[in-house]
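First the structure, in the form of structure tokens, and then the observations on it.
Just so you know, these numbers come straight off a predicted model, no measurement behind them. The basis for the numbers below is simple: all heavy atoms, side chains too, and nothing from hydrogens, waters or symmetry mates.
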Amino acid sequence: MELKVTTLEGKAAGSVQLSDGIFGLEPRKDIIQRCVQWQLNKRQAGTHKTKDRAEIWRTGKKMYKQKGTGGARHGSARVPQFRGGGRAFGPVVRSHATGLPKKVRALALRHALSAKVKDGSLIVIDKAALEAAKTKALIGHFSGLGLTNALIIDGAELHGGFATAARNIPNIDVLPIQGINVYDILRREKLVLTKAALDALEARFK
């Protein structure tokens with residue numbers, strides 16, 4: 001599969017051959033959904049907590065005598081029935097993470113990349129570099145490329161000026177190749193890959 005390469009200024013910079021094993025698959029929603037759910041589960045904090053009856057500081061004295069009141073029998077005032085008592089079956093601090101095999105994660109990434117190609121939402125640029133870290137200049141470049149909502153993936157190291165200028169632009173994410181993931185690919189309309197990112201992906205799935 002052949003795709004045209006452009007510069008950040010929108011000029012033609014040749015073409016690149018995309019691997020069918022990475023970008024030419026028929027996207028499967030079930031595999032992509034499993035990976036997205038795995039990512040969302042893993043990033044949940046799980047720090048929500050309520051106090052149960054054992055953690056409430058309150059007197060342990062019996063509320064009133066057992067018999068003769070005409071009311072229900074009660075002992076501790078810490079029980080959930082009373083105002084100020086502990087909560088029954090409340091949330092506890094725990095991990096929400098679920099398991100997903102590495103092979104399924106890798107397959108989901110390839111399906112997400114293929115989905116972007118199928119939708120015509122993949123753009124390849126020669127490099128993501130900017131001489132001066134000026135947000136206004138980068139917005140002008142993005143306007144020429146038609147990028148208003150995009151994820152930009154570069155090589156192992158991001159260009160300092162480019163990353164600095166891009167972080168002030170809403171709906172634009174910039175990640176090194178190590179940070180590429182299914183969720184971020186799908187949450188942005190366009191996926192922009194540099195030649196360095198393509199080479200890294202080829203090496204990863206070789």
Side-chain angles (χ1 to χ4, degrees), residues 27-116 119 121 133 135 148-154 156-158 160 162-192 200-201 204-205:
R28 279 183 54 180
K29 293 182 180 179
D30 58 327
I31 294 177
I32 295 175
Q33 188 272 340
R34 283 181 64 188
C35 192
V36 169
Q37 192 63 58
W38 170 77
Q39 283 187 244
L40 295 180
N41 290 345
K42 192 176 180 181
R43 77 178 192 174
Q44 276 190 265
T47 54
H48 47 350
K49 175 77 171 68
T50 58
K51 290 184 178 181
D52 59 26
R53 60 181 292 179
E55 297 169 314
I56 295 294
W57 190 90
R58 219 172 195 187
T59 180
K61 183 179 181 295
K62 188 170 175 65
M63 298 182 67
Y64 47 77
K65 65 180 184 177
Q66 179 83 347
K67 294 180 179 293
T69 63
R73 298 168 291 183
H74 287 295
S76 174
R78 302 175 186 144
V79 294
Q81 290 95 313
F82 298 110
R83 181 182 180 87
R87 180 173 173 182
F89 308 113
V92 295
V93 176
R94 67 186 181 91
S95 171
H96 292 268
T98 54
L100 191 66
K102 285 184 179 180
K103 289 185 178 180
V104 178
R105 284 181 256 163
L107 185 60
L109 180 57
R110 285 187 284 164
H111 278 270
L113 292 170
S114 298
K116 285 297 180 184
D119 294 342
S121 302
T135 302
T148 55
N149 189 311
L151 170 65
I152 301 166
I153 304 292
D154 202 356
E157 291 187 9
L158 298 176
F162 186 90
T164 302
R167 68 186 179 189
N168 295 324
I169 306 175
N171 300 323
I172 296 291
D173 296 327
V174 182
L175 292 174
I177 189 63
Q178 303 94 309
I180 190 170
N181 63 88
V182 174
Y183 178 71
D184 281 331
I185 289 174
L186 297 180
R187 71 191 287 262
R188 296 302 178 202
E189 293 177 2
K190 299 285 186 179
L191 174 62
V192 181
L201 283 172
R204 178 175 176 178
F205 294 112

Between the side chain of [X] and the main-chain N/O of [Y], is any donor-acceptor distance below 3.5 Å?
| X | Y | result |
| --- | --- | --- |
| Arg58 | Ala77 | yes |
| Gln178 | Ala156 | yes |
| Arg34 | Leu100 | no |
| Trp38 | Gly99 | no |
| His111 | Ile32 | no |
| Gln39 | Tyr183 | yes |

[X] versus [Y], closest heavy-atom pair with distance:
| X | Y | value |
| --- | --- | --- |
| Glu189 | Ser121 | O-CB, 3.3 Å |
| Ala150 | Val192 | CB-CG2, 4.4 Å |
| Arg73 | Gln66 | CD-NE2, 3.4 Å |
| Ala112 | Val182 | CB-CG1, 4.1 Å |
| Ile56 | Lys51 | CD1-CB, 4.0 Å |

Would you compute the distance between atom [atom1] of [X] and atom [atom2] of [Y] and round it to the nearest 0.5 angstrom?
| X | Y | atom1 | atom2 | result |
| --- | --- | --- | --- | --- |
| Thr135 | Asn168 | OG1 | CG | 4.0 Å |
| Arg110 | Arg105 | CZ | CZ | 14.0 Å |
| Cys35 | Leu107 | SG | CG | 9.5 Å |
| Leu186 | Gln33 | CG | CD | 11.0 Å |
| Ile185 | Asp173 | CD1 | CG | 11.5 Å |
| Asp154 | Phe162 | CG | CZ | 7.5 Å |

Considering only heavy atoms from C-beta outward, does the side chain of Arg87 approach that of Pro80 to under 4.5 Å?
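Sidechains of Pro80 and Arg87: no contact.
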
Is there a side-chain contact between Leu151 and Lys116, using heavy atoms and a 4.5 Å cut-off?
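They are not in side-chain contact.
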
Give a yes or no on whether Lys62 atom NZ has more than 12 heavy-atom contacts from other residues, nucleotides or ligands under 6.0 Å away.
yes

Heavy atoms from other residues, nucleotides or ligands near CZ of Arg187 exceed 12 (cutoff 6.0 Å)
yes

Candidate list Ile177, Val174, Leu175, test side chain to side chain contact (heavy atoms under 4.5 Å, CB included), partner Leu158, passing option:
Val174

Residues that Glu55 engages under salt bridge (Lys or Arg N to Asp or Glu O under 4.0 Å), provided they are two or more places apart
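Only Lys49 meet the salt bridge (Lys or Arg N to Asp or Glu O under 4.0 Å) criterion with Glu55.
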
Can you tell me how the ring of His96 sits relative to the ring of His48, calling it parallel under 30°, perpendicular over 60° and tilted otherwise?
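If you compare the ring of His96 with that of His48, the planes turn out tilted.
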
May I have the step-by-step check of side-chain contact (heavy atoms from CB on, under 4.5 Å) for Asn171 and Thr148, ending in yes or no?
CA-CA 7 Å; Asn171 300 323; Thr148 55; over 6 Å; no

Show your working on side-chain contact (heavy atoms from CB on, under 4.5 Å) between Gln44 and Leu40 and close with a plain yes or no.
CA-CA 7 Å; Gln44 276 190 265; Leu40 295 180; over 6 Å; no

May I have the step-by-step check of side-chain contact (heavy atoms from CB on, under 4.5 Å) for Leu201 and Leu113, ending in yes or no?
CA-CA 10 Å; Leu201 283 172; Leu113 292 170; 4.1 Å; yes

